[in-house]
Amino acid sequence: MSDLIDAPVIFAEGVRKSYGTNHVLLGLDCEVGSGITGLLGANGAGKSTLIGLILGLRPRHGGVLSVLGVDPHQSGPELRLRLGYAPEHHNLPGDVQAADLVQHVAQLHGLPKRIATERASNALWQVGLGEERFRPIGTMSTGQRQRVKMAQALAHDPDLLLLDEPTDGLDPVQRDAMLALIGQVGSEFGIDILLSSHLLEEIERVCDSVVILANGVVGYSGALDDLDSPEAGMRVEVDGDSQLLADVLEARGAEVSIQHNSLTVSSSATANDLIRDTVAELGMGLRRLEPHRTTLEDVFIEVSK
Amino acid sequence: MSEARIHARGYLAYEGPRHSPSRAMCNLAYHTVQRVLGLKRSNWQKVLPALTLIIAFMPAIVFVGLAVLLPGSEELELGESGEYYVIIVGALYLFAAFVAPEAVCTDRRSGMLGLYMASPLNRNTYLVSKFAAIVGVLAFMTIGPPLLMLIAYTLEGVGPDGVVDWLAELGRLLSAGLLMAVFWGSLSIAVSCLFERRTRASVVIFLIPLVSTAVGDGLSEATEFSDSYQLINLFSLSVETVYRIYGQVNPVEGAIVRIDTWLVFAVTSGLIVASCWFACWRYQQIEIER
């Protein structure tokens, strides 16, 4: 039983996928746990292909993929009963009322009609469209359509929610509201979320962990909190020759990297003292000495190189 | 009266039973029938479906009405059972061209196909559901009116003799109706899967039978293999198939009546299989918008 609880929501090992001669995924390895996970990657990195594989819509050409404990390609229909999906595009049938669409999708996911009707209404209230639920989708704004997409993905109570660019086309106010809603779904509703986006700031705001795809493989995978861990080292900026300081610190046993006159010194019990003393000996002015915080942007740029 | 108010609707997990994935096919078929008939849509969307249903049903309803109001009247000259299908084929043609494309074209254009593919459906079960919905409505048009006619024949006392003959007639009626519905339904879905825009699909479906008639008739007159070329004419072929099921001779003079029955059925079946195969193949190629 504990194995089931501890099992990753998504587990991929050596997953490969090609379209003809175009190799999109080249042996993807990752584990996505509970909570809200961001899926980042530049255009063409393989995000949509990975989502397609998670949904079981396409066969992979190698490797192991498990979603909620089952192989999506072999158990696609059964798995998709437990998945909610909000697509990137804003096209939805314009002449259909929001409540009808959400109810229809909930029924497709196995809910009895009466329950589907009830939950469709509730889901639309949850996303803030309670008063608008009988409006045709064609008369709704982009922000409202995004909410309809969220409602149809939520109504059947999925175990895993796949959100593809959920803030695309939203103004800043709408974007804040959508991100707050996603955070609420992940934390209060207890639904695991895989959020595909190319906006780093959004991922940092709402996600617990991140998977960054680059060139068909996972460039980085881990919790966002890990980026701020003490192991990341100290950041030093001085008035003076940064290269000289780096050389002296290295000669005294520290691991140093230098970028744009800014030094990153690897953590150790004596790192702070070593830096302070060395800067003083060299007669330099110490402008900055602080724990180095690796931002998501740093990681993204690094893995995208 | 209680003063209680609901201030927040908390999210509730659903722990109840869920239908199996196969039930999703029934839901989609039912939803598609509603859409193509214009239910829960604007009145304008109901016009064409209603028109085709009226064309299919009106003669039968008028006849049944007269049979009830004027029992035993000599005015009620009843033709052969197969003759009614000449009327029905016009309604089927209009439905296949102008109503049925709504079933698949709109899903691709509106992005619903992506949502369906994220549900327990897959490309094949999606197509089967759509096909079942179209054929279901077409079968209502092909089986309903002749069934009313059969009832009218029976009421007039000129229907089949005995229960066995009546059931045999019912069997022929169901077979002919279903075959016609499948024939026009498969043609419509095969062409519709090529287009995202419904109007384009409608134009092509509208033209195909007309072109087939012109080509079939033209080749029949121009060549010595006239009989076989009549099988190209989709109107004649579908009606002739019905006459063969009823074991009757098509009163319309034409070369098609001289063609062997097995060949008529083989071509009809071949067209149905080819159309269905093409639709399935086409849907495997479609890149789904996500």
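Labels below follow one simple rule: chain letters A, B, ... track the order of the sequence lines, proteins then strands, and each chain is numbered from 1.
Counting heavy atoms from C-beta outward, A/Pro87 and B/Leu115 have side chains that approach closer than 4.5 Å. A 4.5 Å side-chain heavy-atom check between A/Arg119 and B/Tyr14 finds at least one atom pair inside the cut-off.
Side-chain N or O atoms of B/Arg109 include none that pairs as donor or acceptor with a backbone N or O of A/Pro93 at under 3.5 Å.
Between A/Tyr85 and B/Ala118, the shortest heavy-atom distance links the atoms CD2-CB, 3.3 Å. The minimum heavy-atom distance linking A/Arg58 with B/Arg123 is given by the pair NH2-NH2, 3.2 Å.
For A/His104, the part lying near chain B is the side chain, with the backbone staying farther off; criterion is any non-hydrogen pair under 4.5 Å. At a 4.5 Å heavy-atom cutoff, B/Thr106 makes no contact with chain A through either its backbone or its side chain. Only the side chain of A/Val96 comes within contact range of chain B, with at least one heavy atom under 4.5 Å from a heavy atom of that chain. With a 4.5 Å cut-off on non-hydrogen atoms, A/Leu101 touches chain B through its side chain but not through its backbone. Within the 4.5 angstrom heavy-atom criterion, no atom of A/Leu79 approaches chain B.
In terms of heavy-atom pairs under 4.5 angstrom with chain B, the leader among A/His156, A/Glu165, A/Gln184, A/Gln97 is A/His156. Interface remark: of the candidates A/Gly130, A/Pro112, A/Pro136, A/Gly76, A/Pro112 forms the most heavy-atom pairs closer than 4.5 Å to chain B.
Contacts between residues 27-55 of chain B and chain A, counted as heavy-atom pairs separated by less than 4.5 Å, involve B/Asn27, B/Leu28, B/His31, B/Arg35, B/Lys40, B/Arg41. Using non-hydrogen atoms only and a strict 4.5 Å limit, the part of residues 15-23 of chain B facing chain A consists of B/Pro17, B/Arg18, B/His19, B/Pro21.
Taken from OG in B/Ser119 to CD in A/Gln107, the straight-line distance is 12.0 Å, to the nearest 0.5 Å.
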